[in-house]
A.B. asks: 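Below is a structure I'd like to ask you about.
All residue numbers in this chain count up from 1 along the given sequence.
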Amino acid sequence: MITIHLRYEIDPDRIEDFEEYGRRWVDLVSRFGGSHHGYFLPSEGDSDIAYALFSFPSLAAYERYRTDSMADPDCQEAFELARRTKCIKRYERRFLRPLN
């Protein structure tokens, strides 16, 4: 299994747009065979940092998801939401593996 950790720098004035973006991706990742562990939004501390975690059975399955999502209309709508609203300023992606 591979878990993807995303760290987002978001626009705190566009938090509702980011929440909508996250809701869409929870369903989309599941549709493509992954397990979404959720989005984690600012509460105390930094007001412009959010996180997401999701897993796929393998790196190959994740790479298929990435390729397939580029051609999926619902995924493209989610990407467009972020582009149009500018709710995401930047993001970092890390790949993690569970301790067995």
A.B. asks: If hydrophobic clusters are built from ILVMFWY residues whose side chains come within less than 4.5 Å, do Tyr51 and Phe95 share one?
C.D. replies: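 No.
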A.B. asks: Could you give the distance from OH (Tyr62) to CD1 (Ile2), rounded to the nearest 0.5 Å?
C.D. replies: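 One gets 9.5 Å once the value is rounded to the nearest 0.5 Å.
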A.B. asks: Within this structure, what is the CG-CZ distance for the pair Leu99 and Arg97, rounded to the nearest 0.5 Å?
C.D. replies: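 Taking CG in Leu99 and CZ in Arg97, the distance rounds to 7.0 Å.
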A.B. asks: Looking only at non-hydrogen atoms, find the nearest pair between Ala52 and His36 and report the distance.
C.D. replies: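 Taking every non-hydrogen atom into account, CB-CE1, 4.2 Å.
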A.B. asks: Are Trp25 and Phe54 side-chain neighbours, meaning at least one heavy-atom pair lies under 4.5 Å?
C.D. replies: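 Result no, sub-4.5 Å side-chain heavy-atom pair not found.
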A.B. asks: Roughly how far, to the nearest 0.5 Å, is the CZ atom of Phe18 from the CG atom of Asp13?
C.D. replies: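 The CG atom of Asp13 sits 14.5 Å away from the CZ atom of Phe18.
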A.B. asks: Mind checking the CD1-OG spacing from Ile10 to Ser47? Nearest 0.5 Å is all I need.
C.D. replies: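 OG of Ser47 is found 8.0 Å from CD1 of Ile10.
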A.B. asks: Once you round to the nearest 0.5 Å, how far does CD of Glu77 lie from CZ of Arg84?
C.D. replies: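 Going from the CD atom of Glu77 to the CZ atom of Arg84 covers 9.5 Å.
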A.B. asks: Out of Arg94, Arg93, Glu92, which one pairs with Leu6 under the side-chain contact (heavy atoms from CB on, under 4.5 Å) rule?
C.D. replies: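 By the side-chain contact (heavy atoms from CB on, under 4.5 Å) criterion, Leu6 pairs with just one of Arg94, Arg93, Glu92: Arg93.
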A.B. asks: Looking only at heavy atoms, which two atoms of Phe32 and Cys75 are closest? And how far apart?
C.D. replies: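 It is CE1-SG, 3.6 Å.
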A.B. asks: Do you know the tightest heavy-atom contact between Asp17 and Leu81?
C.D. replies: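 Closest approach of Asp17 to Leu81, heavy atoms only: O-CD2, 3.9 Å.
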A.B. asks: Taking the side chain as every heavy atom from C-beta outward, state whether Tyr8 and Ile49 have any atom pair closer than 4.5 Å.
C.D. replies: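 Counting from C-beta outward, Tyr8 and Ile49 never come under 4.5 Å.
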A.B. asks: Let me check something: do Met70 and Leu59 share a hydrophobic cluster, defined by ILVMFWY side-chain heavy atoms less than 4.5 Å apart, either directly or through other members?
C.D. replies: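 Yes, Met70 connects to Leu59 through the hydrophobic network.
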A.B. asks: Hey, does Thr85 have a side-chain heavy atom less than 4.5 Å from the side chain of Tyr21?
C.D. replies: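 The answer is no; the side chains never approach within 4.5 Å.
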A.B. asks: Please find the pair of heavy atoms, one from Gly34 and one from Phe56, that lie closest to each other, and give the distance.
C.D. replies: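 Nearest pair, atom of Gly34 first, then Phe56: N-CE2, 3.4 Å.
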A.B. asks: Could you tell me whether the side chain of Lys86 reaches within less than 4.5 Å of the side chain of Asp11, counting heavy atoms only?
C.D. replies: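 No, every pair of side-chain atoms sits at 4.5 Å or beyond.
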A.B. asks: To the nearest 0.5 Å, tell me how far Leu53 CG sits from Ile4 CD1.
C.D. replies: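 It is 9.0 Å, given to the nearest 0.5 Å.
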A.B. asks: Determine whether more than 12 heavy atoms belonging to other residues, nucleotides or ligands lie under 6.0 Å from atom NZ of Lys89.
C.D. replies: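 Yes.
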A.B. asks: Mind checking whether Arg23 and Tyr39 have side chains closer than 4.5 Å, heavy atoms only?
C.D. replies: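 Counting from C-beta outward, Arg23 and Tyr39 never come under 4.5 Å.
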A.B. asks: I need the minimum non-hydrogen distance between Asp48 and Pro42, along with the two atoms involved.
C.D. replies: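 Residues Asp48 and Pro42, closest heavy atoms: N-CG, 4.4 Å.
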A.B. asks: Test salt bridge (Lys or Arg N to Asp or Glu O under 4.0 Å) on Asp74 and Arg31; report intermediate values, then the result.
C.D. replies: CA-CA 11 Å; Asp74 294 330; Arg31 185 184 340 149; 2.7 Å; yes
A.B. asks: Where do His37 and Ser55 come nearest, in terms of heavy atoms and distance?
C.D. replies: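 Closest approach of His37 to Ser55, heavy atoms only: NE2-OG, 2.7 Å.
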A.B. asks: I'd like to know if the side chain of Glu9 reaches the main chain of Tyr91, judged simply by a donor and an acceptor atom lying under 3.5 Å from each other, with no hydrogens or angles considered.
C.D. replies: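 Pair absent, no side-chain N/O of Glu9 close to backbone of Tyr91.
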A.B. asks: Check Arg83 with Glu80, please: is the shortest side-chain N to carboxylate O separation under 4.0 Å?
C.D. replies: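 Yes.
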